Number of protein chains: 2
Amino acid sequence: MTTVPSDLLTASRAGTARPSTTNLTLLLERVHRGGPASRAQLTRESGLNRSTVGALVTELVRRGLVVEDDPDPTRQVGRPSPIVRCSPEVAALAVVPETDAVTVAVVDLAGAVRRRFRCETGHPPSAAEAVELVRGVLDAAAGPWQLAGLGLAVPGLVRATDGLVRWAPHLEWRDEPLGTMLGEATGLEVLAANDANAGVLAEHLFGAAQDATQVLYLNGGPSGIGGGIIINGELVMGAEGYAGEFGHTQVAPPGAEPKELEAWVSRQRLLDLLGLESASDDVLTDALHHVEDEALQAEVLRQLDALALGVRDMVNALNPQRVVLGGFLGSLFERAPEHLLQALRAQALRPSWESVSVVRAALGSDLLLVGAAELVFQRVIERASLTAA
Amino acid sequence: MTTVPSDLLTASRAGTARPSTTNLTLLLERVHRGGPASRAQLTRESGLNRSTVGALVTELVRRGLVVEDDPDPTRQVGRPSPIVRCSPEVAALAVVPETDAVTVAVVDLAGAVRRRFRCETGHPPSAAEAVELVRGVLDAAAGPWQLAGLGLAVPGLVRATDGLVRWAPHLEWRDEPLGTMLGEATGLEVLAANDANAGVLAEHLFGAAQDATQVLYLNGGPSGIGGGIIINGELVMGAEGYAGEFGHTQVAPPGAEPKELEAWVSRQRLLDLLGLESASDDVLTDALHHVEDEALQAEVLRQLDALALGVRDMVNALNPQRVVLGGFLGSLFERAPEHLLQALRAQALRPSWESVSVVRAALGSDLLLVGAAELVFQRVIERASLTAA
DNA sequence: ACGGTATTGTTGGCGCACCCAACATATGGG
DNA sequence: CCCATATGTTGGGTGCGCCAACAATACCGT
């Protein structure tokens, strides 16, 4: 596994005349994030010269990163402009270990999931098992594309530099060098992150946080509450990659003992009240939407109150533009949005409150796969500035 | 007051061939942050070519941003290399309104406070008063330098775009357009921020957070607890500039009702126990260092426990490299460092805990002045990339 | 005193990325 | 069929950084 260059502020672009972020990366990022666009559009949006855009696109095509399609057939005055889009031949392998399965997928540079393998285990897989499962689908993952790397999203604390899983309670892992193991097993470069961090990356790319540069993301899954932060348009990883753990924030609703946010806001308690043994997010969402029950309603409001307390502190600390609620937190929110908003309005500092909007996550079950792949694509896009390639 | 360019990710360096951050800014930033250095040193550190460094330094001299001194007389083999340092003629006006005074200072690009005017008011000044006081010292602030702008550090919520003070409880201000007023009164460009945000900028530049890129800063002053966050080497301002308000974080030590962090960690209660009417930070620090008293000691430990709870959640959320404690929080910490560390160790997630070091702030009373000026210098350094000038 | 070695500033030539202007190409409308 | 409009393409210019060779200044040994 490759070490992430620390990119210190005082460091220099040693030895090369070219700054680390060129207009090549600018265009590639635009097409990656914003989808297909005509050369003319890119010219307008980028402010670059027509001829420059032409040269840059040609170079990106030469490197196999984008392809050019025939112009939009909607007839307009003037010479038609070819459509530039991400090459379907550039892809990443996304790996997401969960409590009862390991999901492996091929995601292309456009963000489309091209293949998905859900390897059920029925029990929390060991790291070695996970690696075996990935190795097992590697052949089946072959296709008309090249894998640029492997993106790993783990429900736990993962060291960003080498993919060492420090602690993943629901997988019962401690200090498992999964990143290194996957790198050796696949020969691919491995980029690793916490699952919620991958999630917020995806929501920022294609979801509910697309147009925001300051984002607070909270996700509720079977394995608790995780979070991700985007500041100045960049994912906050922290010193070693452990940022975003606000499921353990201490929260104390009025008159109650303080407990971790996860203890108050519990997916399991909702399932119990709904009489569901275990359920996918879709089923849970549906139930939360339809079931009328006094006890359930009371629990929902209690959980929203606790959530508001946790979110309040983070909103005051970070002054985000947008708060995105994913997983069952989104379903909770949808059931009584005004309740959460009211609680937040009453408690957050007014100026910070006024600049934030709270929304439900927009992406579905592919969220983590897209986010994990994005870890790889960030690297690919960065590297587009290098002369070599 | 000039609007801060939003600098969206998708935006481009429209119209210019040069990327927004050139090696010109790189060198200027190095000399600004790291102090004087010989050309040879700059060459080694930057990885740039000798001739390039020569050309860049010449250009910086031409623009009046740096000056070159005679080489270090310590005899070494080889041709002596001239020393490059920030020009003493480039300065910023720093303005810090407080509850009983308005401090105005001239700070030069090297970070030295060249003039300081403390205009006592004896009561919280109004915004109009503050502007008058600044206008009053403007003549006296003249000297062998040029003012590149005005940096404003306010104990409260300040909108970054225009310096509108949304709420400054201790000044009893609400929605005072101080930034605009100062801009009109002085003709200078105004950059504004919360005081703790200015503080962390200064600590990051010259103080206890110099070598860290992920910093959590908490400051305890007469006007409560403020904070600042640095991520990836950049100050986190949030969507509108209100980031860093973690004095209002809810905190509940075991068995106690949750209250705001500020309610638990209180400068006033320390003064009461010490029998001091009001005291400067220096006096308070000294007293905390020397006075042996059981009730005081108990209070100190209680406050540290509460502080640990607040810091714990932020450490888990942000995984910083360093936590810097300023003002009386630093004094508290120094009195019983092990107590705070122990409490944190017991509560923070282990991996996040292992990657963080807690230290006391290193800068003294000039902190806010240097930080406010830095708001201006950041802009100056950015602009060094523009061809014109 | 003098030449040798080491380090660094300086100069001229080159490459690369971008801009601009002019021209070529492709469309819709009279 | 020709014109107006919009856009790709080509050739030349500019700015910034690299490199190599040379000039300047130090220490050192004889």
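Just so we're clear, the structure is a prediction, and the values are computed from it rather than from any experiment.
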Rounded to whole Å, how long is the line connecting atom CG of B/L26 with atom P of D/dG17? 10 Å

For A/N23 and C/dC16, give me the distance from atom CG to atom C1', rounded to whole Å. 13 Å

Whole Å only: how far is the CD atom of A/E59 from the C1' atom of C/dA17? 11 Å

What is the distance, rounded to the nearest whole Å, between atom CG of B/L48 and atom P of D/dC16? 14 Å

Give me the one residue out of B/R62, B/R39, B/R85 that meets salt bridge (Lys or Arg N to Asp or Glu O under 4.0 Å) with B/E68. B/R39

With no hydrogens and no angle check, is any side-chain donor or acceptor of B/R33 less than 3.5 Å from a backbone partner on B/H204? yes

Between B/R39 (CZ) and C/dT7 (P), how many Å, whole number? 19 Å

Could you state the atom-to-atom distance from CG of A/N49 to P of D/dT14 in whole Å? 16 Å

DNA chain C: 5'-proximal contact among A/T52 and A/R79 (nearest heavy atom): A/T52

Between B/P80 and A/R44, whichever has its closest DNA chain D nucleotide further toward 5' is A/R44

B/D70 atom CG is separated from C/dT8 atom C1', nearest whole Å, by 16 Å

Go through the side-chain N and O atoms of A/N319 and A/S355 and say whether any donor and acceptor fall under 3.5 Å apart. yes

For A/V66, the option from A/L109, A/L27, A/V90, A/L28 that meets side chain to side chain contact (heavy atoms under 4.5 Å, CB included): A/L28

Between atom CG in B/L27 and atom P in D/dC16, what is the gap in whole Å? 13 Å

Considering every strand and a 4.0 Å limit on heavy-atom distances, what is the contact class for B/S51: base, sugar-phosphate, or nothing? base

Have a look at A/P82 and say if it touches a base, only the backbone sugar-phosphate, or nothing, with a 4.0 Å heavy-atom cut-off. sugar-phosphate

Specify the residue among B/R50 and B/V53 whose closest nucleotide of DNA chain D lies further upstream toward the 5′ end. B/V53

